[in-house]
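As the structure is a prediction and not an experimental result, all values here were calculated from the model.
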Amino acid sequence: GGISGLSSLYYLAKTNSGLDLALFESENLLGGKIRTYKEGGRIFEAGPDSLFSYKKFSVDFLTEIGFGNDIVGSCEDLGIYLYTNGRLYR
């Protein structure tokens, strides 16, 4: 049910219309490791990667499956931070 499973299923369905396909997720929510949290007026993205607009294939894929209008850019003046291994980086 993560982005890899979703994209794999989508392209299999797109190129092999005769297949009976299903998407599974072991957690309670779809999305795999990707999560978005809103707290205190801020948006927090959790997961192994972010969506950078220079990754054209990601933007194209999300647009093709109907999520193009849901892509939200970061607000540069608020700063972009990374929290990993117990440390906060700017």
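- Atoms OH and CG, on Y10 and L21 in that order, are 13.0 Å from each other to the nearest 0.5 Å.
- Residues L23 and L6 share a closest heavy-atom pair of CD1-N, 4.1 Å.
- Looking at residues two or more places apart in sequence or on another chain, you find no side-chain hydrogen bond (donor to acceptor under 3.5 Å, both in side chains) involving S7.
- Around the CZ atom of F24, the shell of radius 6.0 Å holds no more than 12 heavy atoms that belong to other residues, nucleotides or ligands.
- T63 pairs by the side-chain contact (heavy atoms from CB on, under 4.5 Å) definition with V59, not counting sequence neighbours.
- D60 contributes atom CG, which lies 11.5 Å from atom CD1 of I65 (distance to the nearest 0.5 angstrom).
- Under the rule for a ring-ring contact (aromatic ring centres under 6.0 Å, His included), F67 has no partner lying at least two apart in sequence or in another chain.
- Under the rule for a side-chain contact (heavy atoms from CB on, under 4.5 Å), the partners of N16 that lie at least two apart in sequence or sit in another chain are L12, L19.
- Listed by chain and residue number, E64 satisfy the salt bridge (Lys or Arg N to Asp or Glu O under 4.0 Å) test with K14 (two or more places apart in sequence, or in another chain).
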